[in-house]
There are 2 protein chains.
Amino acid sequence: MNSQEENILKSLPHKTIERLSQYRRALLFCFDEGKTHIFSHEIARILHITPVQVRRDLMLIGYSGTLRKGYNIQELIDLISTIIDSHEVMNVAIVGMGDLGRALVNYVKGKRHKLAIVAGFDNNPDKIGTVVADIPCYSIERLSKMIREKNIQIGIISVPRSYTTDIAAKLVEAGIKGILNFTPKPVNVPDHIYLEEYDMLTSLEKVAFYVKVSQEKEKSE
Amino acid sequence: MNSQEENILKSLPHKTIERLSQYRRALLFCFDEGKTHIFSHEIARILHITPVQVRRDLMLIGYSGTLRKGYNIQELIDLISTIIDSHEVMNVAIVGMGDLGRALVNYVKGKRHKLAIVAGFDNNPDKIGTVVADIPCYSIERLSKMIREKNIQIGIISVPRSYTTDIAAKLVEAGIKGILNFTPKPVNVPDHIYLEEYDMLTSLEKVAFYVKVSQEKEKSE
DNA sequence: TATTCATTGTTAATTAAATAACAATACAAA
DNA sequence: TTTGTATTGTTATTTAATTAACAATGAATA
């Protein structure tokens, strides 16, 4: 990859990166259904956004469709993949093989060629040494060693809240490059590590809030 | 609630709503640790945002702290609660009691007074009729009936992708007010229903992307 | 008592994101 | 062949979100 292409990557808005992932996801399903081409307004409709937004994002990544025929799904999937996927397979570890950890493994498993969940960690003796959803589960004590050995670059934290800080520290110490934290406890990591945090309860509370607001609006009418 | 207060609610930026939920979450933990007051820069540090952002959000909801003493944690928790919580308890159903559904129930259970997960639905005969994580699990066939009977206003979808569309339609038909969709299949719902969608894979791909970019930057240096 | 300082609250400025506007074009229909 | 139309690609505009700037203030300190 030359430096011009690199600069395109770095200049892509964060929101566009998210949407590229969503575009690809939707396109893959369309492809499976036998479609070969798709219009911007079709993509937009699937993802609840505007056609302009779609076209603008595709412009940013330098993809051109065909007038009146739309975008070639296969081509677009491939282009998005060269942009958001790493060149080599990126190895991922999940720390915390409870319900959420297993849900994640089963969902991600086999879906993306360039993302491989290669290890799970837990402190439950019943799980250590077993294979959960096709991936081996190790003791937390072996976390640092396995991360180095298996060249794991991304760590997903799905442990109970009280363990979060400790696990994050261990991941950082082991040289992880990116962390996805699903616990309600925000973590602090050095600047060179990319951190993404998501709390399901915040999403639920957001829904509850807007439901409440719409109900109050109804009442006052 | 008078119409002036209503207007404040409606004018709050979407991002502020999300942060209010995060503020409260962080404040509750601080409160449990025995703290009584907190500075804007402390909240900011916990949530990886700026102190100005915190102060601005609190200004928007009309809360004033004490100079050099910070914000009263208890007061702030209460105020945020009056803003984002509904007056009456809001009932929630989870459709799909697999790993993700159970993770959600266990996580949300007992955490928020105004949010109650009161029913789970699944099509697995082994689960139907049982109690999973303290909530009863019903057959999908009874979904519509139960939603009306139990006055359920929010539905969380955590089923396999292929069932998503059908479940969403059932929820809409049953008169649900808000939907939180955790499946990778976006759903279409009428305008009066608030919809929030989240795909864990997109978060993971985002982390992978930024890890990749930072690595390429390193290489080129 | 006067001065310094840390902190809040608020307006102004900036940046990021989304939307609107519209030219270009190729296909279809007349 | 001409006209109309649907669609792309791109620039301009608007809106939303964040950040900067700074006045106000009251506690701590000299």
Side-chain angles (χ1 to χ4, degrees), chain A residues 7-23 27 30 35-73 75-76 79-80 83 196-197 202 206 209-210 213, chain B residues 7-23 27 30 35-73 75-76 79-80 83 196-197 202 206 209-210 213:
Chain A
N7 286 333
I8 290 173
L9 290 198
K10 273 181 270 177
S11 70
L12 289 172
H14 283 226
K15 290 281 187 180
T16 296
I17 298 299
E18 279 179 24
R19 282 191 298 266
L20 288 176
S21 165
Q22 291 165 4
Y23 294 157
L27 291 167
C30 291
K35 267 179 89 96
T36 62
H37 289 75
I38 194 165
F39 295 125
S40 60
H41 65 258
E42 292 178 294
I43 299 177
R45 175 144 178 63
I46 295 171
L47 299 176
H48 319 303
I49 57 178
T50 65
V52 187
Q53 182 100 80
V54 174
R55 295 205 297 277
R56 205 173 195 295
D57 284 332
L58 300 191
M59 184 194 77
L60 290 177
I61 63 171
Y63 185 70
S64 286
T66 311
L67 206 50
R68 295 196 142 235
K69 205 174 167 190
Y71 302 96
N72 181 304
I73 291 177
E75 276 177 22
L76 189 45
L79 177 60
I80 291 175
I83 289 171
E196 179 88 13
E197 307 199 300
T202 290
K206 201 174 159 192
F209 171 80
Y210 285 108
V213 170
Chain B
N7 286 334
I8 291 173
L9 290 199
K10 272 183 270 178
S11 69
L12 289 172
H14 283 228
K15 291 281 189 180
T16 295
I17 298 300
E18 280 178 24
R19 280 190 300 263
L20 288 176
S21 163
Q22 291 164 5
Y23 295 157
L27 291 167
C30 291
K35 265 178 90 97
T36 62
H37 289 76
I38 193 166
F39 295 124
S40 60
H41 64 259
E42 292 178 293
I43 299 177
R45 173 139 179 68
I46 295 170
L47 299 175
H48 318 303
I49 58 179
T50 64
V52 187
Q53 182 101 78
V54 174
R55 295 203 297 275
R56 206 175 195 295
D57 285 333
L58 300 191
M59 183 193 78
L60 290 176
I61 64 171
Y63 185 69
S64 287
T66 310
L67 205 49
R68 295 196 141 235
K69 204 174 168 192
Y71 303 95
N72 180 303
I73 291 178
E75 276 178 23
L76 189 45
L79 177 59
I80 292 175
I83 290 171
E196 178 88 13
E197 307 199 300
T202 289
K206 202 174 159 195
F209 172 79
Y210 285 108
V213 169

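Please read all numbers here as calculations on a predicted model, not as lab measurements. Sequence lines set the chain letters: A, B, ... in the order given, protein chains first and strands last, and positions in each chain run from 1.
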When the rotation axes relating C1' atoms of four end pairs to the next four are compared across the helix from C:dT1-D:dA30 to C:dA30-D:dT1, five pairs an end, they differ to 10° by 0°
How long is the straight-line distance from CZ of B:Arg55 back to CZ of B:Phe39, given to the nearest 0.5 Å?
12.0 Å
A:Lys69 NZ to C:dA24 P, in whole Å, measures 24 Å
Nearest-angstrom distance from the residue atom CG of B:Leu12 to C1' of D:dA16:
14 Å
What one should report as the nearest heavy-atom pair of B:Pro51 and B:Ala44 is N-CB, 3.4 Å
What one should report as the nearest heavy-atom pair of B:Ile73 and B:Leu27 is CG2-O, 3.6 Å
Can you find a pair of side-chain heavy atoms, one from A:Asn72 and one from A:Leu76, that are under 4.5 Å apart?
no
Is the closest side-chain heavy-atom distance between B:Leu58 and B:Ser40 below 4.5 Å?
no
Figure out the NZ/C1' separation between A:Lys15 and D:dT15, and round it to whole Å.
14 Å
Checking contacts here: which listed nucleotide (D:dG9, C:dG9, C:dA17) is nearest the side-chain heavy atoms of A:Tyr71?
D:dG9
Find the distance between NZ (A:Lys15) and CD1 (A:Ile49) and round it off to the nearest 0.5 Å.
11.5 Å
I'd like to check A:His14 versus B:Phe209 (side-chain heavy atoms, cut-off strictly below 4.5 Å). Are they in contact?
no
So, taking the atom named OH in A:Tyr23 and the one named CD1 in A:Ile61, what distance separates them when rounded to the nearest 0.5 Å?
9.0 Å
Check this for me: B:Lys10, atom NZ, are more than 12 non-hydrogen atoms of other residues, nucleotides or ligands nearer than 6.0 Å?
yes
Send over the distance from A:Leu76 CG to D:dT8 P, rounded to a whole Å.
12 Å
What integer distance in Å separates A:Glu18:CD from C:dA16:P?
16 Å
Take atom CZ of B:Phe39 and atom P of D:dA27, then tell me their distance rounded to the nearest Å.
12 Å
If you measure from CD on A:Glu196 to OG1 on B:Thr202, what distance do you get to the nearest 0.5 Å?
10.0 Å
Side chain of B:Ser64: nearest nucleotide among D:dG9, D:dT7, C:dG9?
C:dG9
Here the distance between atom C1' of C:dC5 and atom CG of B:Leu67, to the nearest Å, is 10 Å
Does C:dA17 have OP1 or OP2 sitting under 4.0 Å from an N or O in the side chain of A:Thr16?
no
Below the 4.0 Å mark, does D:dA17 have OP1 or OP2 next to a side-chain nitrogen or oxygen of B:Arg19?
no
Nearest 0.5 Å please: distance from the CD atom of B:Gln22 over to the CD1 atom of B:Ile46.
11.5 Å
Output a table of nitrogen or oxygen pairs between the protein and nucleotides 3-5 of chain D separated by less than 3.5 Å.
{"from": "D:dT5", "atom 1": "O2", "to": "A:Arg68", "atom 2": "NH2", "distance (Å)": "2.4"}

Of the residues in residues 50-61 of chain B, which ones touch DNA chain D at a heavy-atom distance under 4.0 Å?
B:Thr50, B:Val52, B:Gln53, B:Arg56
Closest to side chain of A:His14, choosing from C:dA17, D:dA17, C:dT7
C:dA17
In this structure, how many angstroms lie between the C1' atom of C:dT7 and the CD atom of B:Glu42, rounded?
12 Å
Less than 4.5 Å apart, side chain to side chain, heavy atoms only: is that true for B:Leu47 and B:Val54?
no
